[in-house]
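Notes follow the structure.
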Number of protein chains: 2
Amino acid sequence: MQLSSRQIEIIEAAALRIDEYGIQNLTTKTLAQDIGISEPALYRHFAGKNDILLTLLQYFKHQLQQRLLLLDTKASAAVTLKQIFQQQFQIFTENPAIVSVIFAESIFQFNPELSQKVKEIMILMSETVENNIVLGQKQGEYRSTLSPKATVTIITGAMRMAVLKWKLSKHQSDLNQDGQAVLDGLFKLLLK
Amino acid sequence: MQLSSRQIEIIEAAALRIDEYGIQNLTTKTLAQDIGISEPALYRHFAGKNDILLTLLQYFKHQLQQRLLLLDTKASAAVTLKQIFQQQFQIFTENPAIVSVIFAESIFQFNPELSQKVKEIMILMSETVENNIVLGQKQGEYRSTLSPKATVTIITGAMRMAVLKWKLSKHQSDLNQDGQAVLDGLFKLLLK
DNA sequence: CAATTAGGTTAGCAAACACTAACTTTATGT
DNA sequence: ACATAAAGTTAGTGTTTGCTAACCTAATTG
């Protein structure tokens, strides 16, 4: 993941475009205008539009991965899980456009390569949470009423829904607060 | 909601296109080819592409509303909630393309009118579930540990995630079974 | 039965699309 | 200082897009 500052500028402008006007409005023209260069200049930094999108997804996936490595592994399962989502909420709040790209299974559907990347990001999160649940159940921290798989579906689904509501409010609501509330609710149900 | 059979044919073909190849591949050309008529013939039935999409959303919203009215209002809250989602799963299984359209906040983002309709559908479901939670808590059927709002976020989020997983499996998994499992899991956590 | 209408056709248009050719300017390295 | 490479420009390509004009045909209706 070695990108020039211009490449990052392009990627972030692309995410912003998608966030604000949807994938259909992301054209080489609008993108070039957003960063104030000519259209062909984009091709000095990327092979084409598809390359921009693929790099964009790879870039965000890499960011997520890096952040997950920073987690305190000595903390209890519940504390770690809380950290995971707090971290996510922070990333999203800092750069809301990411959400539109990462949670958008449908918008990259036209391209197998791109939709595969989105899937990878989703699996990355799912597996992180699943490992946490398995560990927490083994250590007797979480109730074992539900299978880890079902638990993961509930948790990640609920978290995604919290993020979606925040997005639909056009980031007017407080993701950190509302997301935390839902997570606390989940803990009330899951913790022994 | 009075639509000619040709209009319904067009709408359903459009949903199928979106489901299989994404919104970017839904063009007047592909759509006309799908149903074996010429492109301009589409304009005998709709004012334009946008009109097709708006009618499509209205059509599915109407279908959902109609089905919700069929619910047995005398049943207990938990039974009703189960019915609501069973019904949804059934609709989705019968016509998988609907999912790609109804759960796609992002793909209609380019048009305020269309994204508003998607929002309406989401609110319709949220409110239905919320009413159920409030009733169930009042009647002492559900635990009142969580606020209704948080509970709704968890339930609808988990259900959406179940549907998303089914979609990502390309409908190979069993939505009815897996969705039911997640719902049962939620009941274990929510019921007194 | 004539007139109207509904529903279809072929041909084609202006705008938007991703991208390229050819050239110029700016930065870098020896 | 100067050759090279990196990064920008203007102009323009062929294709695709949503949609229209003009015309045809079969069904409906007064």
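Keep in mind that the numbers below use all heavy atoms, side chains included, and drop hydrogens, waters and symmetry copies. Chain letters run A, B, ... following the sequence lines, proteins first, then strands; residues in each count from 1.
Residue pairs that meet the ring-ring contact (aromatic ring centres under 6.0 Å, His included) test with at least one member in residues 79-132 of chain B, sequence neighbours left out, are B:F92-B:F103. Within the structure, every pair that satisfies the side-chain hydrogen bond (donor to acceptor under 3.5 Å, both in side chains) test and touches residues 68-83 of chain B, not counting sequence neighbours, is listed here: B:S76-B:E141, B:K82-B:D184. For the side-chain hydrogen bond (donor to acceptor under 3.5 Å, both in side chains) condition, the pairs that include at least one residue of residues 35-44 of chain B, sequence neighbours left out, are B:T28-B:E39.
Grouped by direct or indirect side-chain proximity (heavy atoms under 4.5 Å, Ile/Leu/Val/Met/Phe/Trp/Tyr only), B:Y21 sits alone.
We find that CD1 of A:I37 is positioned 17 Å from P of D:dA6, with the value rounded to whole Å.
In this structure, the salt bridge (Lys or Arg N to Asp or Glu O under 4.0 Å) partners of B:K61, at least two apart in sequence or on a different chain, are B:E120. Considering only residues two or more places apart in sequence or on other chains, A:A15 meets the side-chain contact (heavy atoms from CB on, under 4.5 Å) condition with A:L56, A:F60, A:A97, A:V101. Residues forming a ring-ring contact (aromatic ring centres under 6.0 Å, His included) with B:H171 (at least two apart in sequence, or on another chain): B:W166.
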key: Footprint string (nucleotides 16-26 of chain D, 5' to 3'): B base within contact, S backbone only, - free, heavy atoms under 4.0 Å   = -SBBBBBB---

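Heavy-atom contacts of chain A under 4.0 Å fall on DNA chain C between two terminal nucleotides, which in 5' to 3' order are C:dC17 to C:dC23.
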In a table with atom names and distances, give each donor-acceptor pair under 3.5 Å that connects a side chain of residues 172-183 of chain B to protein atoms at least two apart or in another chain.
residue, atom, partner, partner atom, Å
B:Q172, NE2, B:K170, O, 3.4
B:S173, OG, B:S169, OG, 3.2
B:D174, OD1, B:N176, N, 3.0
B:D174, OD1, B:Q177, N, 3.1

Side-chain atoms of residues 146-159 of chain A: list all donor-acceptor pairs with protein atoms under 3.5 Å, sequence neighbours left out, distances to 0.1 Å.
residue, atom, partner, partner atom, Å
A:S147, OG, A:A150, N, 3.1
A:K149, NZ, A:E130, OE1, 3.4
A:T151, OG1, A:S147, O, 2.6
A:T153, OG1, A:K149, O, 3.1
A:T153, OG1, B:K165, NZ, 2.9
A:T156, OG1, A:V152, O, 2.7

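A donor atom on one side chain and an acceptor atom on the other are not found under 3.5 Å apart for A:E105 and A:Q109.
Of all the residues in residues 6-14 of chain A, A:R6 reach under 4.0 Å from DNA chain D with at least one non-hydrogen atom.
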